Asks: 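So that we are looking at the same thing, I have put the structure below in structure tokens.
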Amino acid sequence: MRALVVSDGATTVRSPEDRESLAAVRDTPGLSWVDATGADPDALGELVDVFDIHPLSAEDVRSDLRAKVETFESYTFALLSEPGFGPDAGALVEQIEARTVGLFVGEDWLVTYAVEPIAAVDQIWSAAADSPAQFTDRGPDFTAYRVIRRLMEEYYRVIDDVEDHIEAIEDAVVEDPSPETLATINEVRADLLALRKLLWPARDAVAALAWDEGTYVREANRKYFRSTYDQLVELVELIETYRELASGSRDIYLNALSTSTNEVMKRLTVVATIILPLTFVAGIYGMNFEGSPYNMPELGWTYAYPAVMLGMLGVTAVMLAYFRQEGWL
Amino acid sequence: MRALVVSDGATTVRSPEDRESLAAVRDTPGLSWVDATGADPDALGELVDVFDIHPLSAEDVRSDLRAKVETFESYTFALLSEPGFGPDAGALVEQIEARTVGLFVGEDWLVTYAVEPIAAVDQIWSAAADSPAQFTDRGPDFTAYRVIRRLMEEYYRVIDDVEDHIEAIEDAVVEDPSPETLATINEVRADLLALRKLLWPARDAVAALAWDEGTYVREANRKYFRSTYDQLVELVELIETYRELASGSRDIYLNALSTSTNEVMKRLTVVATIILPLTFVAGIYGMNFEGSPYNMPELGWTYAYPAVMLGMLGVTAVMLAYFRQEGWL
Amino acid sequence: MRALVVSDGATTVRSPEDRESLAAVRDTPGLSWVDATGADPDALGELVDVFDIHPLSAEDVRSDLRAKVETFESYTFALLSEPGFGPDAGALVEQIEARTVGLFVGEDWLVTYAVEPIAAVDQIWSAAADSPAQFTDRGPDFTAYRVIRRLMEEYYRVIDDVEDHIEAIEDAVVEDPSPETLATINEVRADLLALRKLLWPARDAVAALAWDEGTYVREANRKYFRSTYDQLVELVELIETYRELASGSRDIYLNALSTSTNEVMKRLTVVATIILPLTFVAGIYGMNFEGSPYNMPELGWTYAYPAVMLGMLGVTAVMLAYFRQEGWL
Amino acid sequence: MRALVVSDGATTVRSPEDRESLAAVRDTPGLSWVDATGADPDALGELVDVFDIHPLSAEDVRSDLRAKVETFESYTFALLSEPGFGPDAGALVEQIEARTVGLFVGEDWLVTYAVEPIAAVDQIWSAAADSPAQFTDRGPDFTAYRVIRRLMEEYYRVIDDVEDHIEAIEDAVVEDPSPETLATINEVRADLLALRKLLWPARDAVAALAWDEGTYVREANRKYFRSTYDQLVELVELIETYRELASGSRDIYLNALSTSTNEVMKRLTVVATIILPLTFVAGIYGMNFEGSPYNMPELGWTYAYPAVMLGMLGVTAVMLAYFRQEGWL
Amino acid sequence: MRALVVSDGATTVRSPEDRESLAAVRDTPGLSWVDATGADPDALGELVDVFDIHPLSAEDVRSDLRAKVETFESYTFALLSEPGFGPDAGALVEQIEARTVGLFVGEDWLVTYAVEPIAAVDQIWSAAADSPAQFTDRGPDFTAYRVIRRLMEEYYRVIDDVEDHIEAIEDAVVEDPSPETLATINEVRADLLALRKLLWPARDAVAALAWDEGTYVREANRKYFRSTYDQLVELVELIETYRELASGSRDIYLNALSTSTNEVMKRLTVVATIILPLTFVAGIYGMNFEGSPYNMPELGWTYAYPAVMLGMLGVTAVMLAYFRQEGWL
């Protein structure tokens, strides 16, 4: 647990571990930001007590619930998540994973809490520690906005990665369709599904911060959340578009398979239609009828063999021409 | 029928069977919880009379209606269900079954009623009988919440089981696709459908307990129902995700079948394309033309036979090379 | 046209055919129920006049419009329908048909009107004539409720019949899939579609009776309509479930066909792959090369023929083993 | 442009072509109906001016916009359309076309305007000219209702025609499925799509006339528009049903194709499985091994040939019995 | 950056590049229109300052966000886009691209801003510079309407182009189906998807301009935005129709492939069913049984060969007649 306190222009970073030091952070005039991580409910006991945070809110963060915004008496609680790729070694497509972060925005304090450290929080923490002016000037809700905007950038990064996969798929289904392609399409679709599940509630949560009366977001800062909301709407639409593109690729793949079966059948039919009749003719002249002038007299004709061979060649040529005209060759 | 009465710090468990003993339970100061089971409408007559419960509410429980919440003059009636697996011996996937339980939350009393005993009710009953403090401190609505949360755990357990089936299916469609796989997918989809049908109305019912004005849920306890509502939303989304995964598996299975047919066709085509022309050549040299120097003079050439055999070998080699290059072998 | 009049405890059944007798029915103190059938608009003229019924309402009944509830100055008009099976002799599945019935609920009178006699109306009529107490105690709206509940039972009966068809289909697609199965599935789906078209507006109509202010349904009787509404919601969901089950059966059927084609192809491929090479070998030794020690000397070797036959047997055995290992046999 | 003026019981039909005569029509006490056609915006200039019609409304009619209702200061503007079949000579199914008509309902006047003459308007015009009583008694809004009801009849006529096509398709897919059937199904689906696009906004427009406050529809005439609304809802549902039936027919057709391919494959497999082994046996006894007692001694056995022929016959019989048992023949 | 100032009937076009000249434009009595382009945020600094435009609005234009309307204290901000075709050289179908334009409508000024010059803005600019009367008479909101109507024309142009592609596809799938056809269908569907994504928010944005209270659109000009809204609704429906038509074409294409495979299979089956039995018969009479009167005595019969040949001809004729009757030829 760490705390950033800006009071009378002086910025201090503390590590409050007990109730007294936390209460001191809270009671210092000016703004303070407490950032906590860890899965142990007990370690948070003092934090929850000192800032009068509802225990169920902390549990919501640990339960990885979907994004939401709730306003309590002394703070607004925003539950959001940072997307990332899971360690799915064998998969063709990395799987989406999300880590939940809770932002508690009070009148003059901000508490952030996550089970594991969140990169977006760390970055904004460093920025606020380096140049506390923006932090103090615009209030804890603006700092919360900066964290959320940083989370949005992670979503853009993840969706860019998914877009790369979709483009690779679109090339693959045309150039080299294989059963793996379909598996990849399904994995990408699962990823897009997971992203949509994350973004839909996030959109609603940010909308609550941008428009709801009675939250701890100041009027002057709402415009920023509205801008984030517009980005979230774009992201959700982007995901829908990618889902349709993935469906289109699946159609093309399945059709490529049908086309391939059709082509294979055509080759077989061409070969069989040409060779089988010729083999039949050869079979005819392999018969052993004899002992009568009516029995296969042609076997003894002078030019019989060359004539038969030429006849076969002619039939083959005609058939090939016919198949070529039909577009089978 | 059994009754738990906490009055002046004393906890008593009674078995009220007639109108007087029930009225005594109701009129004892403090909190009371009456739990009834059984399908016989008449046996409930006194309970319905003494607690002024609408007869149609009791009938709703017996009719296994979908989850709902209704508030009457003297109580709030919540109809919910506990999921479980039916005794479907021959099926590949166990079928979802639900047992309905009715919770009647009054000012200082709670009545639970189900046709068959519900495990969740029994567990919370034991807990309340053992440590009545929480029961009396937070009121009958909190006890109802504890029962509902216990029911939620059953849903999680059932969905975990379904998830296992889906993972088994995802492996099966890739490694060993068989017609049974499709039947299993359909059964899992039917299970998910059944769960969704249970959870959607349950979500609305819990939302009514969490937000509606005028129910017998106290303001201080609403947060708990809201938390349950969030879990129900997560469950509904989980089910949607699993439904999409099951659809994806079905696509992969059907595609595996098409791919298999395509592969089979390719083998047949390879065999026929190589063997049929060779057989034709053998048929040629099996013909019986004779009696003229133009009729099959090659049959008597010194190296004719080895040459033909080598020629056949050469054609076969060229064709195999071609098919390998085309990716058919 | 018939009328049931309960006045001062005396129950009389009349057959009012003209304006005066109808007015007498209307003006008798106590409750009255007039039941009319017939397609002729003119025969209804007096009824419509005497009870001040809007002519378009009567026309709505004749036009078989979808279920609805409308409240006029002196009565509430409920349009509902009784489902049944049409006389579709040649069909695999009986087709759903509906007969419309209009219920006009006034302050102290009830008018029911249908083109053809409705079984549900007849049954409740008999019950009301036999024991008029319930009829008079709870008012004409409760009698309307009893008619509607009786109509619901018909829906349950029809849906049970459809369920039997679906179960028969589910067995058929697994055990004996045939093109007729698909036609049956489509007919069942059409039936479910027809039922849904009947039940959706009926649900809304009953909801209007259960919750809308200003209808001629008394507060005390609303709970009964609410209960009917809950049943209608269950019925609509049941139909959705059956539709999904029918879709699942269609998938299994279509897949059975693909699997069958795949199996057929495999057999053909196995036969061709084994027999064609053997036939080629037989063709080789049927060639007529001669006159040189290099031309087919093997034809004269002592054990040539048994050796070739054994070789063919060996190749066949190896191929069968390979196909068995591949799972093709 | 023509005008129907009913004043003091006298009915006159005029042809106002300039501003003065139009103003005279407008200013005559009693009711007046002006009907205009033509695509030229300028020719309408006086009409638009005299009746104070917004120029954009007239443009809406010319632009064939979707049905809608708008109320201006001095009139209610209803934009509706009359469906019909286009002159699509070569098509299997006639294509839906719609001609737009604008109805401007004022306090005591009605203006109808369309680019081309509309049959429904002409019919009601004749009826109003012949018996002006209904026209004057119920006001211009009732005349507008009669025009709209006449348009509805056209929709019923068109949908009946589409229903005939669907029934023809349902027979065709079972009895004689051909690629043209699928094209016909797609054309019917396009027709239903076009009808839905016409009827959905028409439904909303009529709903506005039936329920919206502030339009120029009198309270007493609203019931008629409500009845038309109910018919429109029925029509929209009918179209949905037909769309599902068309989808079902397409499934049956596609399945018939798969079944056919399966049957073709079975025949080929039966022929190949029976003939290929027999040909192989014939090939065996066509081999030329000789010069050793081990080389094909059976060729010289006394009953060898009849025995082989009987053996072949036996194998064929066994195979046919097997295929018959498997249901392939 | 350029400015159009109409003051006291005099129209001047200026190129304000610094704060002072911009403030002069703003402060000149009468109407002014400032048009800016460019991606550099800094270059806009003065414009944003002088007209008190929120910086995030300018950023919205640069971010290509979806269409929207927002009203601030001193102006209404409308974000819309002009569609066009991207430079996708190799594609069968040109890809949709959109360029975003922001319109800031103040009391007596209009600011338009886009990253790249927009043709619609340029055209209306020229028109306003040539005849400033309309510009000054109806206010900056009417000029904004003219720009938006011009953008709509671009949408119609683009959709016309897409319609051409769809008609080409509909011909292609019937006359010459090829794998490229499916790719083209998918590209057209992607285009329609992109257009829908542009038009849906545009529809909502124009609706806000047409109906919302508190924007800088005057009551008298609202009718024009309503008309644009109706056009947008038509466009959205047109796109839905085209999407269904594209789906129908895809079905026909896929079915053409299945039909083709079916036809190919039939040909193969016909050839094999006729030739294989004949080849078998020829094989029979090529067998070498001898040395016994029972061994192939028919080989020596006088008319054996012609009889066999005639028999083969007869079998072939019967089979061809059978296949013709079955509709396979």
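Predicted model, so just to flag it, every value in this text is computed and none were measured. Below, read A as the first sequence line, B as the second, and so on, with proteins coming before strands; counting in each chain starts at 1.
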Asks: So for B:Glu170, is it side chain, backbone, both, or neither that comes closer than 4.5 Å to the heavy atoms of chain A?
Replies: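 No part of B:Glu170 comes within 4.5 Å of chain A.
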
Asks: For chain A, which residues from residues 222-235 of chain B lie under 4.5 Å away (heavy-atom distances)?
Replies: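 Counting heavy atoms that sit under 4.5 Å from chain A, the residues of residues 222-235 of chain B involved are B:Lys223, B:Tyr224, B:Arg226, B:Ser227, B:Asp230, B:Val233, B:Glu234.
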
Asks: Which one of B:Met296, B:Glu263, B:Met265 has the most heavy-atom pairs closer than 4.5 Å to chain A?
Replies: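 Highest number of heavy-atom pairs under 4.5 Å: B:Met296.
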
Asks: Checking heavy atoms, do the side chain of A:Phe72, its backbone, both or neither come under 4.5 Å from chain B?
Replies: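 Answer is side chain: those atoms of A:Phe72 sit under 4.5 Å from chain B.
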
Asks: If you look at every heavy atom in B:Glu237 and A:Arg66, which pair is closest and at what distance?
Replies: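 Shortest heavy-atom separation between B:Glu237 and A:Arg66 comes out as OE2-NH2, 2.7 Å.
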
Asks: Which bit of A:Leu278 is near chain B, if near means a heavy-atom gap under 4.5 Å: side chain, backbone, both or neither?
Replies: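 Answer is both: backbone and side chain atoms of A:Leu278 are under 4.5 Å from chain B.
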
Asks: CG of B:Asp251 to CG of A:Asn186: how many Å apart, nearest 0.5 Å?
Replies: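 Rounded to the nearest 0.5 Å, the CG-CG separation comes out at 6.0 Å.
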
Asks: Can we say B:Glu244 and A:Arg243 salt-bridge, meaning some charged N sits less than 4.0 Å from an Asp/Glu carboxylate O?
Replies: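 Looking at B:Glu244 and A:Arg243, the cut-off is met.
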
Asks: Output the option from A:Thr302, A:Leu182, A:Ile275 having the highest count of non-hydrogen pairs under 4.5 Å with chain B.
Replies: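 Heavy-atom pairs under 4.5 Å are most numerous for A:Thr302.
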
Asks: Heavy-atom pairs under 4.5 Å with chain B - which of A:Val270, A:Thr269, A:Asn288, A:Asp60 has more of them than the others?
Replies: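 Between A:Val270, A:Thr269, A:Asn288, A:Asp60, the count favours A:Asn288.
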
Asks: Can you give the donor-acceptor pairs under 3.5 Å from side chains of residues 305-314 of chain B to other protein atoms, not counting sequence neighbours?
Replies:
residue: B:Tyr305; atom: OH; partner: C:Glu298; partner atom: OE2; Å: 2.3

Asks: Given a strict heavy-atom distance threshold of 4.5 Å, which part of A:Leu65 is in contact with chain B: side chain, backbone, both, or neither?
Replies: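 For A:Leu65, the contact with chain B is made by backbone and side chain together.
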
Asks: Among B:Gly283, B:Gly327, B:Ala272, which has the most heavy-atom pairs under 4.5 Å with chain A?
Replies: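 With the most close heavy-atom pairs to chain A, the winner is B:Gly283.
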
Asks: Quick one: what part of A:Glu70 sits under 4.5 Å from any heavy atom of chain B, side chain, backbone, both or neither?
Replies: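 Interface part for A:Glu70: side chain.
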
Asks: For A:Trp328, does the CH2 atom have more than 12 heavy-atom neighbours from other residues, nucleotides or ligands under 6.0 Å away?
Replies: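 Yes, the 6.0 Å shell around CH2 holds more than 12 heavy atoms from other groups.
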
Asks: Give every residue pair that meets the ring-ring contact (aromatic ring centres under 6.0 Å, His included) criterion with at least one member in residues 237-280 of chain B, sequence neighbours excluded.
Replies: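 Matches after skipping sequence neighbours: none remain.
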
Asks: With no hydrogens and no angle check, is any side-chain donor or acceptor of B:Asn295 less than 3.5 Å from a backbone partner on A:Trp301?
Replies: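 Here the side-chain-to-backbone pair exists.
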
Asks: With rounding to the nearest 0.5 angstrom, report the CG to CG distance, B:Leu245 to A:Leu193.
Replies: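 B:Leu245 atom CG to A:Leu193 atom CG measures 7.0 Å (nearest 0.5 Å).
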
Asks: Quick one: are B:Leu276 and A:Thr279 in side-chain contact, heavy atoms under 4.5 Å?
Replies: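 They are not in side-chain contact.
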
Asks: Hey, does A:Ser260 have a side-chain heavy atom less than 4.5 Å from the side chain of B:Lys266?
Replies: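 Touching, per the 4.5 Å side-chain cut-off.
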
Asks: Could you have a look at B:Pro297, B:Gly286, B:Gly291 and say which one has the most heavy-atom pairs with chain A under 4.5 angstrom?
Replies: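 Highest number of pairs under 4.5 Å: B:Gly286.
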
Asks: Counting only heavy atoms not in A:Tyr294 (residues, nucleotides, ligands), do more than 12 fall under 6.0 Å from its OH?
Replies: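 Result for OH/A:Tyr294: open.
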
Asks: I need the full list of side-chain hydrogen bond (donor to acceptor under 3.5 Å, both in side chains) pairs touching residues 306-325 of chain B, with sequence neighbours left out, sorted by first then second residue.
Replies: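 Residue pairs passing side-chain hydrogen bond (donor to acceptor under 3.5 Å, both in side chains), neighbours aside: A:Arg267-B:Tyr322.
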
Asks: So, do A:Leu257 and B:Asn262 sit near enough that their side-chain heavy atoms are less than 4.5 Å apart?
Replies: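 Yes, at least one pair of side-chain atoms sits under 4.5 Å.
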
